[in-house]
Amino acid sequence: MTNDLFAVSTSSAQSAATAALLALGLVTVLAALVLVPKGWRRLQLSRAKHPSLAGHSRMAVRLARLMPGHAFGDERFFRADDAPLEISARRRASFEALSRLLTERHPRSIAATQALKPALPDLQFTSSYRVPPAFSAMVQRHLPLGAVMAASEGHALTDLDGQRFIDLAGSYGVNLFGYDFYRHCIEEGSARVAALGPVLGVYHPLVAENSARILAHAGMDQLSFHMSGTEAVMQAVRLARYHTGRTHLVRFCGAYHGWWDEAQPGPGNPLPAERTYTLRDLHPRSLQVLRTRNDIACVLVNPLQALHPNRPAPGDGSLVDSSRRAGFDPQAYGAWLRELREVCTERGIALIFDEVFMGFRLGAGGAQAYFGVRADLVTYGKTLGGGLPVGVVCGRAAWMKRYREERPADICFARGTFNTHPYVMGAMSVFLDALEQPAWQQRLAQQDQIQAARCAQLNAALQAEDLPLRAANLSSVWTLYYLTPSRYNWMLQYFMRAEGLALSWVGTGRMIFSTEVSDDDFADIQRRLLSAARAMRDGGWWHPVAPSNRAIKRRMLMETLGWAS
């Protein structure tokens, strides 16, 4: 009897165990069915990201927070690449001569800049990051630059010491037609709205006129005005999320869309960009991610990236070797945009063109007309304000609406105290007058040919003198890159300053030309740039036995870890 009971209980236990195993197996299978697609999509996403740190923002932030700072002392500053003593002596002499020239020529402008710095974190930041951090302290002490200017004229600036510069900074993209033109926009625009003055919360009649004209250029139905390009992009993304009900935005590696959290993941943003995918530009794996995920509300495209795909803005502060490259292939980039358009249409994703920087440099129809691709939403800023701050979102009506009649509490709110400021509307009106004149449109249409010819001319001159420097351009926006490995390429911006060429704080990575620059003006710019490059070479900053780019980066890693002597 006992044995029978034991057999029965054993059999029951075995049956229960079998059932449990079957249940566990079923759960495992179901879990696998659920998790495998998620895992596969996650793998696809990882493969679509750029393999560099620029494509992996969280990892970049972690490393940035762990990386200790170090500054080169007097001797190491000139021998960071272990150059021979004779070369370091030449560098020291060159550096000291440049320091004397700049400090003696611009004392008032430098003093005014130094007086501003304690109260202006912006100026503290830009001064510190003009060059790679290890070199920064000594450069700030001995090569101070004047950031205070007294006057502008055409494409020239004059500092507090009366020294005149050819401006290659272009007001970060605003200066399309020359500073005298924008002075006229502000003066004439102020007169057009003087009767109403700075009254906010109502609309000047110019708002209707400006709106119609901008929409005609953009080929869109509706628009909203904002006070900056960053704000305009924020609203475009918010509208895309509102209308799709999805959470994530896609940006492409290296692209800049303003300084707000989700569009600028990685170092510089203290928060993790939880709802941002940073994918590879010009890559089929990115298209695959767009085709297979259901959480993507919009894709942000900055047409400027066509000049340096998958690379961040080429500032000299990150110019640690000579690996920076640039080049514009309009056919390849246009084909890429057409593929993006097709996938976004197929998946109901908003395609947003961020034309805040490029704006109308590519023509009165912007990047949409230039590449022959229609976006769902497009943002403008910079030059459109006629010299005053502005941001604009244009879009198809279905994307621009901010509420639902059937659910009145479901809204997409966006307002701003200074939106449609009368004086901004006045300056914008004058700018649009010019943009619509055939003569100005012809100037813009000619820029591709003019700038490409000038770029080729400069490169030929650099090659003829065996100078390891080249230029690349996207219309009137240029960048310089370097052919010989060196840790000192950032020095060129200071030699250019000595030659009377003013750059923005990012240095040689971004030069912006206005249409006011004539062929004679460019010949003068080229002469000055060649002279600066010769000074670089003669000062020993480019020398023939420099280590390779790979060796330079290996040396930097050892320095960061404290292993270098």
Side-chain angles (χ1 to χ4, degrees), residues 71-81 83-118 123-124 126-151 156-169 316-317 319 465 467 469 480 482 486-508 524-543:
F72 290 135
D74 182 78
E75 182 179 351
R76 195 66 199 163
F77 183 93
F78 298 103
R79 296 194 67 221
D81 55 357
L85 291 176
E86 183 272 329
I87 294 292
S88 68
R90 282 171 57 192
R91 289 173 178 170
R92 185 184 295 274
S94 169
F95 187 85
E96 291 174 351
L98 184 59
S99 176
R100 286 194 300 272
L101 186 152
L102 292 175
T103 53
E104 292 172 6
R105 185 187 289 174
H106 311 284
R108 294 179 62 197
S109 296
I110 291 171
T113 301
Q114 296 301 320
L116 276 176
K117 195 178 290 188
L123 187 54
Q124 296 166 20
T126 55
S127 298
S128 298
Y129 285 88
R130 279 184 175 271
V131 305
F135 298 95
S136 182
M138 190 160 175
V139 168
Q140 289 187 75
R141 281 198 306 273
H142 298 286
L143 298 179
L145 298 180
V148 181
M149 293 290 168
L157 301 174
T158 303
D159 71 4
L160 298 183
D161 300 279
Q163 299 294 330
R164 189 176 172 89
F165 296 90
I166 297 175
D167 176 53
L168 299 181
D316 285 2
L319 194 57
E465 296 199 35
L467 293 166
L469 179 69
L480 298 179
Y482 302 83
S486 173
R487 293 191 72 171
Y488 295 97
N489 291 320
W490 47 266
M491 274 291 294
L492 181 62
Q493 63 179 295
Y494 295 92
F495 287 109
M496 290 175 67
R497 185 81 167 202
E499 291 292 335
L501 298 175
L503 299 167
S504 73
W505 73 277
V506 300
T508 60
D524 186 24
I525 292 169
Q526 177 173 303
R527 178 187 62 77
R528 295 169 187 247
L529 181 54
L530 287 170
S531 180
R534 291 187 204 106
M536 277 282 289
R537 178 195 60 200
D538 298 343
W541 305 102
W542 293 320
H543 74 93

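Throughout, residue positions are numbered sequentially from 1 according to the sequence presented. Heavy atoms only: backbone and side chains are in, while hydrogens, waters and symmetry mates are out. If you're wondering where the values come from, they're calculated on a predicted model, not measured in any experiment.
For the pair R497 and L98, the minimum side-chain heavy-atom distance is 4.5 Å or more. The shortest distance between side-chain heavy atoms of Y488 and H543 does not fall below 4.5 Å. Counting only heavy atoms from C-beta outward, the side chains of D524 and R527 approach each other to under 4.5 Å. With contacts defined as side-chain heavy-atom distances shorter than 4.5 Å, the pair P107/D161 qualifies. Within the 4.5 Å cutoff, the side chain of L85 has heavy atoms near those of the R79 side chain. Looking only at side-chain heavy atoms (C-beta outward), M536 and L467 stay at 4.5 Å or farther from each other. Contact annotation: the side chain of L529 never approaches that of E499 to less than 4.5 Å [non-hydrogen atoms, C-beta and beyond]. Side-chain atoms of L469 and Y482, non-hydrogen and from C-beta on, do get closer than 4.5 Å to each other.
The CG atom of L102 sits 10.5 Å away from the CD atom of Q163 when rounded to the nearest 0.5 Å. In this structure, the separation between OG1 on T508 and OH on Y494 is 11.0 Å, given to the nearest 0.5 Å. For the atom pair CG (L168) and CD (Q493), the distance works out to 12.5 Å, reported to the nearest 0.5 Å. The line from CZ of R528 to CG of L501 is 6.0 Å long, rounded to the nearest 0.5 Å. Distance check: I166 CD1 to I525 CD1 gives 5.0 Å after rounding to the nearest 0.5 Å. Rounded to the nearest 0.5 Å, atoms OG (S94) and CE (M491) are 5.5 Å apart.
A pairwise comparison of heavy atoms in L160 and A150 identifies CD2-CB, 3.9 Å as the closest pair. Across every non-hydrogen atom of S504 and A169, the tightest pair is N-CB, 3.5 Å. For the pair P144 and Q114, the tightest heavy-atom approach, listed with the atom from each and the gap, is CB-NE2, 4.0 Å. The heavy-atom pair separating D159 from F165 by the smallest distance is OD2-CE1, 3.7 Å. Across all non-hydrogen atoms, the minimal contact from T113 to A147 is OG1-N, 2.7 Å. Shown here for S136 and S127, the closest heavy-atom pair between the two residues is OG-O, 4.2 Å.
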Exercise for the section: Give the C-alpha distance, both sets of side-chain angles, the deciding distance and a yes or no for side-chain contact (heavy atoms from CB on, under 4.5 Å) between M138 and F135. Expected result: CA-CA 6 Å; M138 190 160 175; F135 298 95; over 6 Å; no
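Screening Q140, H106, R130 against L145 for a side-chain contact (heavy atoms from CB on, under 4.5 Å) leaves a single residue, R130. Paired with F77 under the rule ring-ring contact (aromatic ring centres under 6.0 Å, His included), one option of F72, F95, W541 passes, and it is F95.
Using modelled atom types, one finds a donor on one side chain and an acceptor on the other under 3.5 Å when comparing W542 with N489. Side-chain contact, Q124 with S128: no donor N or O sits under 3.5 Å from an acceptor N or O.
The backbone N or O of D81 sits nowhere less than 3.5 Å from a side-chain atom of R487 that would complete a donor-acceptor pair.
Listed by chain and number, the residues in a side chain to side chain contact (heavy atoms under 4.5 Å, CB included) with E96 are R92, R100 (sequence neighbours excluded).
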